[in-house]
Amino acid sequence: MNNQQPNPGSGFKARLKRFWRRFQLTRWLIVLVLAGVFLMSGYLTFMAKTTDVGNLKASLENPTKIYDRHNQKAGTLYSQKGTYVPLKQISTSVQSAVISTEDRNFYHEHGFSVKGIARAFYLYAKNKVLRRDYISGGGSTLTQQLVKNAYLTQEQTFTRKFKELFLSVEVENVYSKKDILSMYLNNAYFDKGVWGVQDAAERYFGVSAEQLSVPQAATLAGMLTNPSGYNPVDHPQASRQRRNVVLGLMAETGAITSAQAKQYQATALTTNDAYTYKNTYKYPYFFDAVINEAISKYGLTESEIMNRGYKIYTTLDQNNQKQMQTLFKNDAYFPANASDGTKVQAASIAIDPNTGGVEAVVGGRGQHVFRGYNRATQMRRQPGSTIKPLAVYTPALENGYYYDSELTDKKKSYGTNNYTPHNYGGVYSGKIPMYQALAQSTNAPAVWLLNKIGIDKGYDSVKKFGLPVTKSDKNLALALGGLKTGVSPQQLAQAYTAFANSGEMSSAHYIRKIVDASGNVVVDTQDSAAKTTQVMSSKTAKQMTSVMMGVFNYGTGATAKPYGYTIAGKTGSTEADGDTDATRDKWIVGYTPDVVVATWEGFDNTSSKHHLENVSGTGEGPLFQAEMQGILPNTKGTSFDTQDASTLAKGTGSSSSSSDIWDQVQQGLDNAGKSFNNAADKVKSWWEKAKSYVE
């Protein structure tokens with residue numbers, strides 16, 4: 001009698017085995033693996049072939065250069081580059097030391113090492129078992145190291161290793177071994193911000209790369225695995241020990257004899273710094289803005305911009321940029337620091353209204369940080385009264401009002417929340433002409449006028465001018481610059497280009513053209529041309545200019561007017577915590593037909609201890625005046641085709657300076673229209689009175 005029970009496990013295994021054989025799963029598994037390998041290889045091959053490897057040498061030899069609006073060289077960008085020298089100007093001792101240490105089979109392999117790949121697989125598997133998601137080295141060849149530095153990240157992953165491998169093969173197909181070694185040595189990092197063997201030789205030994213001795217060459221070669229750890233200045237003992245290891249490796253490969261190695265190992269390690277850093281990042285805030293635009297607008301990466309040897313043609317005016325930077329370094333143009341030493345900050349920008357090209361920009365005072373905070377482009381602050389021409393007076397002129405229309409200047413409350421704007425100093429005149437209300441920046445008439453034309457019209461107008469408004473800004477506080485997010489000096493200056501450019505607003509930009517190291521055009525001038533928006537009619541733009549000339553002739557900007565020049569624009573300020581004697585922001589924006597300049601001043605963080613003392617304090621007026629007096633002589637000197645509105649209103653203007661007969665005819669039509677509107681208003685008033693008598 002057989003009491004043996006059936007084994008469920010063996011039955012399952014048997015069924016699985018039959019199933020596996022029936023559907024030939026082993027073959028399908030092999031097919032899937034091979035298909036995966038084929039697809040991955042195809043992708044990596046495509047990636048390698050489409051990478052512009054042919055441009056590598058040219059991009060490494062040349063730094064990225066910036067050119068100004070006149071196509072004159074303005075400087076170069078910070079980059080991972082030193083002084084590039086050909087291989088014949090690099091000591092053969094350096095070449096031997098690097099090959100002996102980093103890649104002994106360099107001249108006998110095609111961009112990769114089979115042993116290195118096997119080691120990478122082994123270490124990857126080991127790290128997976130130990131739950132480490134990276135590769136601890138992989139025996140990369142010099143070509144692979146070059147490719148990693150030039151095209152890839154320093155991330156230690158298997159995917160990056162595969163990309164590195166395929167790109168290395170492509171580089172070997174294009175360049176000779178001497179070219180690859182030259183590119184590697186010129187692109188290697190040697191700590192202390194030093195790139196390339198030529199600058200490293202000067203930095204640590206005070207000689208050129210071709211004058212390096214064998215021990216010196218071994219020292220530099222030893223730094224490649226750990227530049228900061230084997231720095232001969234900071235870590236002389238570790239550097240000497242590493243140097244002696246390299247000398248031993250050189251003896252093993254036959255580059256030097258064993259006797260020479262012992263002799264060199266006994267020598268002292270001495271350093272000598274003869275390296276001089278040449279700062280070619282001459283216009284930091286402008287260059288920062290160029291990099292940001294190339295990234296955000298044209299899809300380049302920071303690494304590509306800094307290291308691919310581009311030629312970037314910009315809208316920079318070097319004279320304007322230099323004088324603006326000089327002014328910002330002069331503390332006499334700014335209020336005193338706060339009691340705790342915090343500086344009053346500022347930002348300025350100059351734009352060509354015809355093209356939208358930014359000619360100069362400074363984004364702050366004090367030490368510049370590479371691609372740090374640029375107040376001229378990134379800051380968002382309340383614009384104060386500088387928004388009045390955009391939100392109130394332009395839409396009013398577009399909807400039947402005139403530059404000398406009488407506005408109500410009384411203390412009034414509006415809406416269910418009793419919004420009550422106040423004039424500075426609490427002075428009200430009852431009635432005031434529009435041009436005077438704007439020039440003196442009185443608040444009550446601006447709010448009254450926005451209420452008359454309708455908040456929607458003011459809101460839509462501000463949107464046309466390109467300022468960032470939201471539905472929460474759709475209220476009467478808009479007339480005085482009460483925006484939720486605020487504006488930057490660049491946004492404000494861009495908006496004012498519409499007044500200087502016959503009603504057309506030009507989009508602000510920095511780049512005209514980008515050419516790569518091989519001469520291929522990456523960004524064409526047609527791609528970078530300014531986008532224009534018709535914000536208002538040319539007639540309205542002309543009237544607004546006429547009105548805003550009064551700001552600098554007799555209004556709030558009179559002390560900021562540049563000597564000998566006629567400009568138009570607007571000033572603005574915002575209160576700090578409701579205190580009329582404490583100012584959060586000061587603004588001045590002014591223009592001619594050739595240039596728009598916007599300047600802001602204030603503290604980064606406003607508080608009881610960090611605010612400007614009063615609206616008329618030292619600082620912004622003289623700064624803006626000095627900026628304009630430095631910039632205007634560099635322009636074409638185009639005159640306005642109109643006169644100050646106060647002059648036109650008094651009827652004392654010269655007919656020869658107002659587009660002659662046409663302007664006189666246009667003014668006659670305007671006056672006729674105003675007379676008609678006044679008569680209509682009187683008839684309406686009589687009718688209302690008559691109705692009241694009847695009722």
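None of the values given here were measured: they were computed from a predicted structure.
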Taking [X] for the side chain and [Y] for the main chain, is one N or O donor matched with an acceptor at less than 3.5 Å?
X	Y	answer
Gln72	Ala74	no
Trp587	Gln382	yes
Thr280	Gly75	no
Asn443	Pro421	no
Asp473	Lys484	yes
Thr83	Asp199	no

- Pair Asp331 + Arg365: basic N to acidic O under 4.0 Å: yes
Exercise for the section: Determine, for Asp352 against Arg69, whether the closest basic-nitrogen to carboxylate-oxygen distance falls under 4.0 angstrom. Expected result: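 Here Asp352 pairs with Arg69 in a salt bridge, since their nearest N and O are under 4.0 Å apart.
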Run the numbers on Asp409 and Asn423 for side-chain contact (heavy atoms from CB on, under 4.5 Å), then give the verdict.
CA-CA 9 Å; Asp409 182 20; Asn423 286 347; 2.8 Å; yes
- Sort and list the pairs that fulfil side chain to side chain donor-acceptor pair (under 3.5 Å) and have at least one residue in residues 545-558, not counting sequence neighbours.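 Every pair satisfying side chain to side chain donor-acceptor pair (under 3.5 Å) with a residue in residues 545-558: Thr545-Tyr591, Asn553-Lys561, Asn553-Asp644, Thr556-Thr571.
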Relative to each other, are the rings of Tyr403 and Tyr435 parallel, tilted or perpendicular (30° and 60° limits)? tilted
#### Entry: Aromatic Tyr459 / basic Lys474 pairing, under 6.0 angstrom, 45° off normal
yes
Within 45° of the axis and under 6.0 Å from the centre of the six-membered ring of Phe603, does NZ or CZ of Arg584 qualify?
no
Checklist entry - Using the benzene-type ring in the case of Trp, are the ring centres of Tyr285 and Phe328 under 6.0 Å apart? => result no
Could you tell me which non-hydrogen atom of [X] sits nearest to which non-hydrogen atom of [Y], and how far apart they are?
X	Y	answer
Arg371	Glu302	NH1-OE1, 2.6 Å
Tyr275	Val194	CE2-CG2, 4.3 Å
Ala446	Ala479	O-CB, 4.0 Å
Ala493	Ile349	CB-CG2, 3.8 Å
Lys464	Thr533	O-CG2, 4.4 Å

How about [X] and [Y]: do any of their side-chain heavy atoms sit closer than 4.5 Å?
X	Y	value
Ser528	Lys513	no
Leu483	Ile387	yes
Thr642	Met549	yes
Tyr393	Leu449	yes

Checklist entry - Does the pair Phe624 and Tyr333 meet the rule for a ring-ring contact (aromatic ring centres under 6.0 Å, His included), with working shown? => result CA-CA 9 Å; Phe624 180 85; Tyr333 285 104; over 10 Å; no
(message) Going by salt bridge (charged side-chain N to carboxylate O under 4.0 Å, His left out), name the residues that satisfy it together with Asp524, two or more places apart in sequence or in a different chain.
(response)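 So Asp524 forms no salt bridge (charged side-chain N to carboxylate O under 4.0 Å, His left out) with any residue.
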